Amino acid sequence: QRRFPQNFTDEYLLGMAYSQEKDYTNALQHFTTAEILAKNSDPKRLTDAFYFQLGASSERAGDYGQAEKYFLKSLALAPDSAETLNYLGYMWAERGENLDEARSMIDRAVQSEPENAAFLDSMAWVLFKLKQPKEALGYMNRAMAHSEKPDPTLLEHLGDIQADLKQFDQARESYAKSLALKPDEKIKQKLDTLAPR
């Protein structure tokens, strides 16, 4: 930066570097600067992948309105991007928003990659949010089967679905496994609530 004029590539790479460091505020600052530079000099650089990165960083920074805007821009450029469809669909499901549209998006992602554990988990979660726990459990079991290694988020989701179905012993086991992988006070509280009396 000290030696060369400000340019898209440097700003984009700085955004990626800060994103890897989970410093999403600085990541967004550099991605936004890169967008401005590209708009003024080379708009072809503003690809679906670029807007996906902006969307993901915005979501992780907690700015869900901006994240939605950028994911929709990404999908306008690449309507069949399974990763973007899944990310936006899951973000909506997690927040209880646009659930029918979220389900449709995630379904398209699953159709594209039917053995992708993250996509199957997203489908389970949106079905759970739509108050369809039996259907959610089927997708959740498929997600677990296709996950390469135990995942604390998948196990928490499995526990939530099992608890909703009153499968309390299984839910306790899922929460305990999740906690063993990654301590989390929220999950501990769920487990304590289900503790045998």
Side-chain angles (χ1 to χ4, degrees), residues 15-28 52-64 66-68 70-71 82-97 99 102-103 105-106 109-110 113-197:
M16 292 296 290
Y18 278 115
S19 183
Q20 288 293 315
E21 292 295 315
K22 303 189 188 315
D23 182 348
Y24 300 112
T25 300
N26 273 313
L28 281 170
F52 177 87
Q53 291 297 335
L54 259 173
S57 292
S58 297
E59 185 269 338
R60 288 164 183 159
D63 191 338
Y64 302 108
Q66 281 293 97
E68 180 179 323
Y70 290 130
F71 284 134
E83 189 175 10
T84 310
L85 288 165
N86 177 70
Y87 204 128
L88 178 55
Y90 180 79
M91 185 183 83
W92 279 341
E94 184 74 355
R95 294 175 57 75
E97 299 172 349
L99 290 177
R103 178 180 180 174
M105 285 185 168
I106 295 166
V110 170
E113 298 181 33
E115 296 184 358
N116 185 309
F119 296 174
L120 291 166
D121 171 58
S122 295
M123 179 58 82
W125 200 235
V126 76
L127 288 168
F128 178 71
K129 292 283 188 167
L130 284 164
K131 304 188 184 311
Q132 298 176 33
K134 288 183 180 178
E135 294 83 352
L137 184 60
Y139 278 98
M140 199 66 244
N141 286 331
R142 286 172 59 191
M144 298 293 293
H146 290 294
S147 182
E148 293 181 2
K149 58 184 179 180
D151 182 281
T153 301
L154 266 64
L155 285 161
E156 180 189 5
H157 286 172
L158 178 60
D160 288 347
I161 294 166
Q162 290 166 331
D164 197 63
L165 290 167
K166 303 190 185 322
Q167 299 175 0
F168 298 124
D169 289 340
Q170 295 95 319
R172 278 191 286 271
E173 183 179 350
S174 297
Y175 289 145
K177 287 180 178 178
S178 180
L179 284 169
L181 292 168
K182 183 181 179 183
D184 185 305
E185 186 60 32
K186 181 183 68 172
I187 300 173
K188 184 177 184 302
Q189 289 174 2
K190 292 179 183 180
L191 180 58
D192 291 344
T193 301
L194 290 177
R197 298 191 182 281

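The model shown is predicted, which means the values in this text are computed figures rather than measured ones. Here, residue 1 is the first one in the sequence, and each next residue gets the next number.
With a 4.5 Å cut-off on side-chain heavy atoms, Phe128 and His157 do not count as touching.
Applying the salt bridge (Lys or Arg N to Asp or Glu O under 4.0 Å) test to Glu94 and every residue at least two apart in sequence or in another chain returns nothing. Considering only residues two or more places apart in sequence or on other chains, Asn116 meets the side-chain contact (heavy atoms from CB on, under 4.5 Å) condition with Glu113, Ala118, Phe119. With sequence neighbours left out, the salt bridge (Lys or Arg N to Asp or Glu O under 4.0 Å) criterion links Glu97 to Arg95. For Asp160, the salt bridge (Lys or Arg N to Asp or Glu O under 4.0 Å) partners two or more places apart in sequence, or in a different chain, are Lys190. Shown here are the side-chain contact (heavy atoms from CB on, under 4.5 Å) partners of Glu173, two or more places apart in sequence or in another chain: Lys177.
The list of side chain to side chain donor-acceptor pair (under 3.5 Å) pairs with a residue in residues 141-152, not counting sequence neighbours, is empty.
For Glu185, the CD atom sits in a packed shell: over 12 heavy atoms of surrounding residues, nucleotides or ligands are nearer than 6.0 Å. Surrounding CD of Gln53 are more than 12 heavy atoms belonging to other residues, nucleotides or ligands, all under 6.0 Å away. Heavy-atom contacts from other residues, nucleotides or ligands closer than 6.0 Å to CD of Glu135 number more than 12.
Between Ala163 and Tyr175, the closest heavy-atom pair is CB-OH, 4.2 Å. Looking at every heavy atom in both residues, Leu120 comes nearest to Pro114 through CD1-O, 3.7 Å. In terms of heavy-atom proximity, Ala27 sits nearest to Ser57 at CB-OG, 4.2 Å. Closest approach of Asp121 and Tyr90 over heavy atoms only: OD2-CE1, 4.2 Å. Residues Ile106 and Met123 come closest through the heavy atom pair CG2-N, 3.5 Å. Between Ala93 and Ala102, the shortest heavy-atom contact is N-CB, 4.4 Å.
Between Ile187 atom CD1 and Glu156 atom CD the span is 4.0 Å, to the nearest 0.5 Å. The CG atom of Asn86 sits 12.0 Å away from atom CE of Met91, with the distance rounded to the nearest 0.5 Å. Atom CG in Leu99 sits 5.0 Å away from atom CG in Leu130 (nearest 0.5 Å). Expressed to the nearest 0.5 Å, how far CG of Asn26 lies from CD of Glu21 amounts to 11.0 Å. The NZ atom of Lys129 lies 15.5 Å from the CZ atom of Arg103; values are rounded to the nearest 0.5 Å. Rounding to the nearest 0.5 angstrom, the gap separating the OH atom in Tyr87 from the CZ atom in Phe52 is 6.5 Å.
Looking at Ser174, its side chain does come within 3.5 Å of a backbone N or O of Gln170 through a donor-acceptor pair. At distances below 3.5 Å, at least one donor-acceptor pair connects side-chain atoms of Thr193 with backbone N or O atoms of Gln189. Side-chain N or O atoms of Arg172 include one that pairs as donor or acceptor with a backbone N or O of Leu194 at under 3.5 Å.
In summary, the aromatic rings of Tyr24 and Tyr18 are positioned with their centroids too far apart to meet the 6.0 Å limit.
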